Every structure is written in C-alpha cells, then in structure tokens.
Amino acid sequence: MTNLLYDALLGIRAADRNRVLLELPQGASISYAEMAQRAAQVAGALRAVGVRPGDRVVAQVAKSHAALALYLGCLRAGAVFVPLNTAYTPSEMAYFIEDAAPSLILCDPEAEASLATAARSVDAKLHTLGAAGEGSWSDAVAAAHPVDVTPRGPDDLACFLYTSGTTGRSKGAMLTHGNLHSNAEALVSCWRFTEADRLLHALPIFHAHGLFAACNVAMRAGASMLWQPEFDTFAVLAALPRATVMMGVPTYYTRLLATPGLDRAATAHMRVFTSGSAPLLADTHAAFAARTGHAILERYGMTETGMITSNPYVGARRPGTVGMPLLGVDLRLCVPGTAKPVPPGETGMIEVCGPNVFTGYWKKPEKTAAELRPDGWFITGDLGQLDADGYLHIVGREKDLIISGGYNVYPKEVEQVLDALSGVAESAVIGVPHSDYGEGVLAIIRAEPGATPTKATLRTAAEAALANFKRPKAYIFADALPRNTMGKVQKAALRQLHADRFANSKTDAAE
Ligand code: MCA
Ligand code: AMP
C-alpha cells in the first residue's frame, strides 16, 4: 500500500533534484528531492517524540519552508496535521489544544510559555519553530533518522482544519487523504497546472486556500512556488514578472489595484489570477481587467469541501459568479431546511456532494448530523442561484458570518466576549462593507442603564480574548437595538443603517 496524498504531492518526485519546489525570497531554492529529504527527517523526528499514525500534530507557526516540511512530514508519517491561525490568542489556542488532544504541539518560541499549561493538560509534547527555523524543533529534526513512508489510503485522515460555527465553539473539519487528493486533481485539470508553472504564493498556509488550493495543486503538478512569507503588495508586484499563476483573496487584488506598478507589463508572463474565500466585486474584476488585460478567475470553496466550483479556464469568466462545479463534484440548490430542490433559476441552499466532502467534525456528531446528510450531501449555509448557462451565483448566506479579508468571523463569538463585560447590556456584531477587507467587523453596544463602558474597555477585552482579525474595527453605542416582533435583533436593519461606516476605511486602528 502507498501513501495516497504524500506520494502524489512529493513521493513521485522524491528523486528529482533539478525540479525547484520553492524559490525563497532571499534567492535560495529548495528542490522536490530536498523537500522529500526534509519530510523524511521530519517524519523521523515525529516518531522520535512519540507521534504515531493517526495522532494529531497542532501547529501554530509562521509561514516558512520548515512549516511546509512539517505538513509534508506529517503526511509521510501518517499523522493528522492541524494548522492554526498565527493570530489566535493563548485562550483561543487552549480550546483547540483541549479539543484536538494532540500528541505534539509546535509554536513560535515566544508563545511557548503561554501554551505550556494547555500542552500539559493533554499530555502533549511542546516544541518551538520560529519564522527563521529557530527553536527546538529544528534541532529535533536535525538529530532524527529518516523513516519510511507510512501507508495511507483514501479514507485515512490527513488534516483537521478548525472552522467556527454560528453557535458554539470551533469545529475540527476532518479531511482525508482522498478528500485532499481528489480536490488537487480536479484543480490541476481545471486550471491547467503543469510543471512549467510558477505559483506566486503569498497566502497564509494554515487555511484551505493557501495550503490545499495553492500548495497541494502546485505540488501535484510538479510546479514551483515563489514563496512569500505574507502578502506584501510591493513584494508581490516585484515577484509577478517571474510568476505564471497567482491565487488571492479579493483584498489582495484591491490592494494591487491601489498600487501604481500594476500594469500589463508587470503581468505579461501571467497565465491566470484566481480569487476566492470571499466575494470578488464585479468592479474589482473590471478594474483589474482594464489595468492588466487579465480576467480574474473566481472560484468558490469551503474548509469542509475544498474547492467546489470554478469559472472556466477557457470560456467566459463571469464577474459576480463562481462558475460551475469541479470535475467529480455534484451541486444542488435546495429549499432551506429540506433536501427538496428549488425550481430552476430560483434561490436555494447550496448543497455539495463528492469525494472532496469531509467526513465530519471531530468529536461533534450532532454538528456533523446537522450539516452533513447521511447520503453524503453537505449543507454549505450559502444561498445560490444557477443561471441559464449553469454558472453559480452566491446571493447570500443563511449562516450569520462575516468574511473580513478572507478570514471568517462569527458574530456570536465576538458578542459573547462583549456581553460578558460589566456595564454592557447587550451587543450586536455585524459585517458592513469595508474598502480594504471587503467586510469590516462593527460592534453596536447597548449599555446597562446608568453604566458607561468605554471603548478602551471594550477594545482591551477583545484584545485579550480574540484573534486580531475578529476584533471590531469600531464600536458604536446605541440606546436600543432594533428587534422584530419575535424579539430577535434585526441585523439587516443595522447593516443598512451603518452601511457607510467603513466605505473609505484604510486604517486598522479600532475606533
Ligand atoms: C489582518 N487584520 C485584519 C485582517 N488581517 N483585520 C480584518 N480582517 C483581516 N483579514 C488586521 C490585524 O488585526 C492588524 O490589526 C492589522 O490588520 C494589520 O495586520 P497585518 O498582519 O499587517 O495584516 P494585513 O496585511 O492587513 O492582512 C490582510 C490580509 C490577510 C493580507 C488580507 O488578512 C490575509 O492574508 N488574508 C488571507 C486570508 C485567507 O487566506 N483566507 C482563506 C481562508 P492591529 O494592528 O489592530 O493588530 S480558506 C477559505 O476561506 C475557503 C476554503 C476558500 O474558499 O478559500
Ligand atoms: P471557510 O469556512 O473559511 O472555508 O469559508 C467558506 C465560506 O467562504 C463559504 O461558505 C462562502 O461563504 C465563502 N466563500 C468562499 N469563496 C467565495 C466566493 N468566491 N464568493 C463568495 N463567498 C465565498
């Protein structure tokens, strides 16, 4: 037996010393063969610290070639890789550690002390890995003996990615080798990836977009990646002339458009730009085409399913649509709350079925049952419409979700933090249009009679409890929150009332 995902990404090119996998910003590069060697060392280090096949490895580490080797080493060793956003606070991390019950945790050297108690509580080993490779993990890897590839089949778990829910805490979406492998194959084919490609990689690698849609697809094709530690507009512009493909969230494209160097010459070698994780405004699509001659290819995906639909590589890329289902992926629109299809042309709940669909939420059978039907259809929470040519339009979300710069923020989680403060009677957290992030998080607060909570108190509480992208960008005090006859806060009315709040917002400082 072989290891389905590891072999497809790296194993089949393990002897290829001439094929570049990563081009690093400082000019160095790492070949497929070198990365395979590093993954074998990582797998050896995992064994040496006691990680067995099926064990979870939690990683809250900066983007680096060592972080990619860690992912690949986990696949090779049959461990379940659990990457986490570097912005999560120690209190958020404590929850993930308790839930995932890993046998190994990797974090930045500076975070070690803050995670020690949580690591002890689940009896996990704690190692450190910094952005430049510093920390105890590099020593462990250097001292390890490479180990053979652990056999893994399509149904074996490869990764958990945590995704928040409308109610309750985050859920670990269990993704198998088969899920990730099938999605990589479908995207290589849809986006025509080949060994000749150079992907400009500026996304974080703790989410499905940067890790699976980007790294897995590039590696499946044997392509190279121009490896950027983060999205920096000027660094990206400087790298574009050597790239053939770029993947981004809409904020990347609006930021590039705001930069003078973006033009036809800078993008002359590009084959395709893709966008996803949040809606790309038709205006952005048009402005980008006018400046560069490239029609951005928009696609739609989710943590639980990987990529679902894509605009065509050849054929019309329609602004405001997310295209058609990928090869092997089935999609239907249902009357919300039922499995009954809506009549053609009408809005319905988007449901997805296929080899890309996850197997459920880790240790949360009720949540799994609520979203994943026994026959394999996954209820996305997004509302869509299919046009006469089969293009999917996402017209809304049934779930109460804000997407800010491509990151998901669940209002309930923020409201719980604010409502717990003394002097706050209640809060309503909404997303309103933001000129940089697409949607910006706004909190409307009703104080207890006679109490005067300050914005500074609210900001301090948010900083202690919530990752930076979840914190409200502004706080507004109101005497009352609008309610419907059932007593439910009318968020649509609030969104309308405050629609212009961040229309020209470039600042990040919370007001
Ligand atoms: C950073 N900040 C943010 C965000 N990111 N605020 C709101 N929304 C954000 N997304 C805040 C920080 O709190 C900080 O505030 C300040 O911005 C500056 O931080 P910095 O690190 O400099 O961030 P940035 O350069 O502004 O980052 C914006 C970004 C980044 C480049 C758009 O957020 C990003 O790379 N997003 C990509 C997200 C992504 O990969 N999503 C894929 C999810 P302060 O100074 O107050 O601390 S996977 C998915 O959705 C599915 C599967 C799919 O379809 O792809
Ligand atoms: P996540 O749970 O982080 O995987 O986020 C998935 C959600 O992002 C989806 O359910 C959609 O609401 C949203 N999303 C992803 N791609 C797009 C897109 N191209 N247009 C609109 N929404 C999108």
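Note that this is a predicted model, so its numbers are computed, not measured. Ligands are counted one by one from 1 in listed order, and the atoms in each one are counted from 1 as well.
Given atom 2 (O) of ligand 2, the protein heavy atom at minimum distance is Asn408 ND2, 3.0 Å. Nearest protein neighbour of atom 19 (N) of ligand 2, counting heavy atoms only, is Arg299 O, 2.7 Å. Asp382 OD1, 2.7 Å is the protein heavy atom nearest to atom 12 (O) of ligand 2. Ala278 N, 3.7 Å is the protein heavy atom nearest to atom 17 (C) of ligand 2. Looking from atom 21 (C) of ligand 2 to the surrounding protein, the closest heavy atom is Pro279 N, 3.5 Å.
Scanning Gly276, Gly301, Ser310 for the heavy atom closest to atom 15 (C) of ligand 2 points to Gly301. By heavy-atom distance, the residue among Tyr300, Tyr437, Phe231 lying nearest atom 4 (C) of ligand 1 is Tyr437. Among Met247, Lys63, Arg299, Met302, the residue whose heavy atom lies nearest to atom 54 (O) of ligand 1 is Arg299.
Looking at His207 against ligand 1, only its side chain comes within 4.0 Å, counting heavy atoms. Of all the heavy atoms of Leu203, the ones lying under 4.0 Å from any atom of ligand 1 belong exclusively to the side chain. With a heavy-atom cut-off of 4.0 Å, Ile403 touches ligand 2 through its side chain alone.
Looking at ligand 1, you'll find an N or O of Arg255 within less than 3.5 Å of one of its N or O atoms. Any N or O atom pair closer than 3.5 Å counts here, and Lys399 shares at least one such pair with ligand 2. Residue contacts with ligand 2: Ser277 is placed with a nitrogen or oxygen under 3.5 Å of a nitrogen or oxygen of the ligand (distance criterion only). Between Ser275 and ligand 2, no pair of N/O atoms sits closer than 3.5 Å. Between Tyr300 and ligand 2, not a single N/O pair is under 3.5 Å apart. In terms of polar-atom proximity, Ser277 is counted as a contact of ligand 1, with an N or O under 3.5 Å from an N or O of the ligand.
Gln496 CD: 12 or fewer foreign heavy atoms inside a 6.0 Å radius.
Listed by atom number, the atoms of ligand 1 under 4.0 Å from Gly301 heavy atoms are 54 (O). With ligand atoms numbered from 1 in the order given, ligand 1 contributes 10 (N), 32 (C), 33 (O), 36 (N), 37 (C), 38 (C) to contacts under 4.0 Å with heavy atoms of Gly405. Annotation for ligand 1: atoms under 4.0 Å from non-hydrogen atoms of Ser404 are 7 (C), 8 (N), 9 (C), 10 (N). Taking every heavy atom of Gly406 and a limit of under 4.0 angstrom, the matching atoms of ligand 1 come to 38 (C), 39 (C), 41 (N), 42 (C), 43 (C). Taking a cut-off of under 4.0 Å to the non-hydrogen atoms of Thr303, the atoms of ligand 1 that pass are 52 (C).
Using a 4.0 Å heavy-atom cutoff, Tyr252 is listed among the residues neighbouring ligand 1. Distances from ligand 1 to the non-hydrogen atoms of Pro204 include at least one value under 4.0 Å. Within the structure, ligand 1 has Lys473 among the residues with a heavy atom less than 4.0 angstrom away. Ligand 2 is never approached by His207 to a heavy-atom distance shorter than 4.0 Å.
Applying side chain to side chain donor-acceptor pair (under 3.5 Å) to Tyr300 and the options Thr305, Thr309, Asp382 leaves one that passes, Asp382.
Distance CG/Asn85 to CD/Glu92: 8.5 Å, rounded to 0.5 Å.
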Pair Asp197, Arg192 - check salt bridge (charged side-chain N to carboxylate O under 4.0 Å, His left out), show working. CA-CA 9 Å; Asp197 274 314; Arg192 310 273 173 103; over 6 Å; no

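Under the rule for a salt bridge (charged side-chain N to carboxylate O under 4.0 Å, His left out), the partners of Arg198 that lie at least two apart in sequence or sit in another chain are Glu23.
Between Leu297 and Ser310, the closest heavy-atom pair is CD2-OG, 3.2 Å.
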